[in-house]
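Input: a single structure, listed below in structure tokens.
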2 protein chains.
Amino acid sequence: MAAGRPRNFDMDQALDQALRVFWEKGYEGASLPDLTEAMGINRPSLYAAFGNKEELFRKALDRYETGPTAFVARALEEPTARQVADRLLKEGINMVTHPDHPGGCLAVQGALVCGDDAQPIREELERRRKAGEVVIRKRFQRAKAEGDLPADVEPNDLARYVTTVMRGLAVQAAGGATRKELLRVAELAMQAWPSK
Amino acid sequence: MAAGRPRNFDMDQALDQALRVFWEKGYEGASLPDLTEAMGINRPSLYAAFGNKEELFRKALDRYETGPTAFVARALEEPTARQVADRLLKEGINMVTHPDHPGGCLAVQGALVCGDDAQPIREELERRRKAGEVVIRKRFQRAKAEGDLPADVEPNDLARYVTTVMRGLAVQAAGGATRKELLRVAELAMQAWPSK
DNA sequence: GGCATATTGTATCAGTAGGTACAAAATTAA
DNA sequence: TTAATTTTGTACCTACTGATACAATATGCC
């Protein structure tokens with residue numbers, strides 16, 4: 001089979017740059033010139049390689065989930081529910097305030113609300129946020145089955161609590177809060193943990 | 001003084017509609033046609049009465065703060081810090097899930113991140129969020145001076161904690177969480193309150 | 001009524017949004 | 001070397017963005 005002219009950019013590197021732009025400006029706020037400049041490619045190359053803006057965002061989002069947010073899966077492996085929650089908060093803070101990439105969380109600030117055109121993206125992000133909540137809930141359900149949580153505690157509520165705090169932390173980080181400030185918040189948030 | 005042709009719309013009513021659109025779609029996501037249609041006026045009337053899109057947003061934001069978010073000032077009047085926090089969370093939830101207006105919080109979803117043009121708005125919202133945090137902090141500082149909080153507790157941290165949870169609740173509400181779900185979260189969040 | 005003033009509606013502006021046509025360039029297969 | 005294939009770069013498209021010029025209209029004051 002024939003080969004054709006080779007592309008002179010790395011797809012993953014370009015995607016990382018697109019991710020950075022979407023993260024920093026949101027889906028709507030990221031313009032095609034913003035993206036092509038950061039990715040170091042021109043418009044037709046972007047469309048040939050990634051489809052369109054919406055598909056590019058989805059691919060950047062996939063990369064976001066296998067990269068920066070991989071800490072969630074790791075945190076779930078902690079032995080107790082309490083340790084899971086503690087690590088989710090701490091590593092979450094580490095992520096949303098990490099100096100190597102934009103502050104905050106793409107799943108929150110990518111398109112929390114938006115115009116009509118971007119609604120599919122808003123819904124996609126909402127779906128993924130929901131999915132993140134579900135894996136945490138399942139982990140806490142398991143914890144309860146293992147006797148690791150009091151009988152009168154709803155894993156559902158606990159998962160929603162941790163998730164809600166994490167999203168609040170993400171908003172704070174997007175606004176410039178420091179890691180140190182947010183770690184104090186996490187410490188307080190963990191005071192709510194049942195049966196200390 | 002002469003009068004000229006009277007405007008045939010109510011400024012406050014129009015502003016309320018603009019507020020609704022910005023709340024629902026964010027600053028960038030709200031287009032001029034979105035705004036004029038909701039406000040029931042045409043473009044030149046909008047510009048004559050409110051300046052431009054940015055000024056309109058600022059005026060809608062002022063109205064937001066004297067209307068939907070007025071619960072904050074009321075909550076601060078509660079006798080104890082604990083009651084203040086509890087009421088902030090509960091009334092905050094009531095607000096961000098109220099059926100009479102869009103879900104979530106304008107100060108969070110109006111422009112958490114955005115493109116270059118909207119940066120002034122993003123910064124304005126960040127300023128106002130910060131100001132909201134400050135009034136809560138001051139209330140907790142007073143509480144501490146009054147012996148209403150343990151000596152080893154930082155009012156600063158407590159204010160940031162409450163604020164962070166409220167913002168998390170706002171994100172959840174923007175994503176469609178119900179009032180009932182969020183009240184369970186608030187209940188858990190209050191478990192963290194010092195010296196029960 | 002006539003004048004000054006202010007708002008309305010239409011029609012339009014320049015700039016930018018996302019997206020693409022098309023030819024030149026760079027590769028592999030034959 | 002030639003043919004087939006794929007990417008690149010330029011130039012461009014349509015639609016929509018926020019914003020206005022201007023004439024028509026509606027008021028209060030004299």
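Naming: A, B, ... by sequence-line order, numbering from 1 per chain.
- Under the 4.0 Å criterion applied to side-chain N and carboxylate O atoms, B:E126 and B:K130 are not assigned as salt-bridge partners.
- Between A:I41 atom CD1 and C:dG19 atom P there is a gap of 14 Å when expressed in whole angstrom units.
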Point to revise | Under 4.0 Å protein heavy-atom contact, by nucleotide of nucleotides 14-22 of chain D - B base, S sugar-phosphate only | key: ---SBBBB-

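- Separating the CZ atom of B:R5 from the P atom of D:dT27 is a distance of 8 Å, rounded to the nearest angstrom.
- Taking only side-chain nitrogens and oxygens, B:S45 comes nearer than 4.0 Å to OP1 or OP2 of C:dT8.
- Considering CG of B:L106 and NE2 of B:H101, their distance stands at 11.0 Å, rounded to 0.5 Å.
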Atom pairs and distances, donor-acceptor, side-chain atoms in residues 174-186 of chain A, under 3.5 Å, two or more places apart:
residue	atom	partner	partner atom	Å
A:T178	OG1	A:E181	N	3.2
A:T178	OG1	A:E181	OE1	3.4
A:R179	NE	A:T97	OG1	2.9
A:R179	NH1	A:N94	OD1	2.8
A:R179	NH2	A:N94	O	3.2
A:R179	NH2	A:N94	OD1	3.2
A:E181	OE1	A:T178	N	3.0
A:E181	OE2	B:R160	NH1	3.4
A:R184	NE	B:D157	OD2	2.7
A:R184	NH1	A:E187	OE1	3.2
A:R184	NH1	A:E187	OE2	3.3
A:R184	NH2	B:D157	OD2	2.5

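- No hydrogens or angles considered: a donor-acceptor pair under 3.5 Å links the side chains of B:T164 and A:Q172.
- In the region residues 7-25 of chain B, proximity to DNA chain C at under 4.0 angstrom, judged on heavy atoms, holds for B:R7, B:N8, B:F9.
- No more than 12 heavy-atom neighbours from other residues, nucleotides or ligands sit within 6.0 angstrom of NZ on A:K90.
- Of the side-chain N and O atoms in B:N42, one or more sit less than 4.0 angstrom from OP1 or OP2 of C:dG9.
- Checked for salt-bridge contact, B:R82 and B:D148 miss the test: no charged N lies under 4.0 Å from a carboxylate O.
- Ring geometry, B:Y27 versus B:F22: the interplanar angle falls under 30°, so the pair is classed parallel (tilted spans 30 to 60°).
- Of the charged side-chain nitrogens involved, none lies within less than 4.0 Å of a carboxylate oxygen, so that A:E133 and A:R137 do not count as a salt-bridged pair.
- Rounded to an integer number of Å, the gap from B:L46 CG to C:dG9 P is 13 Å.
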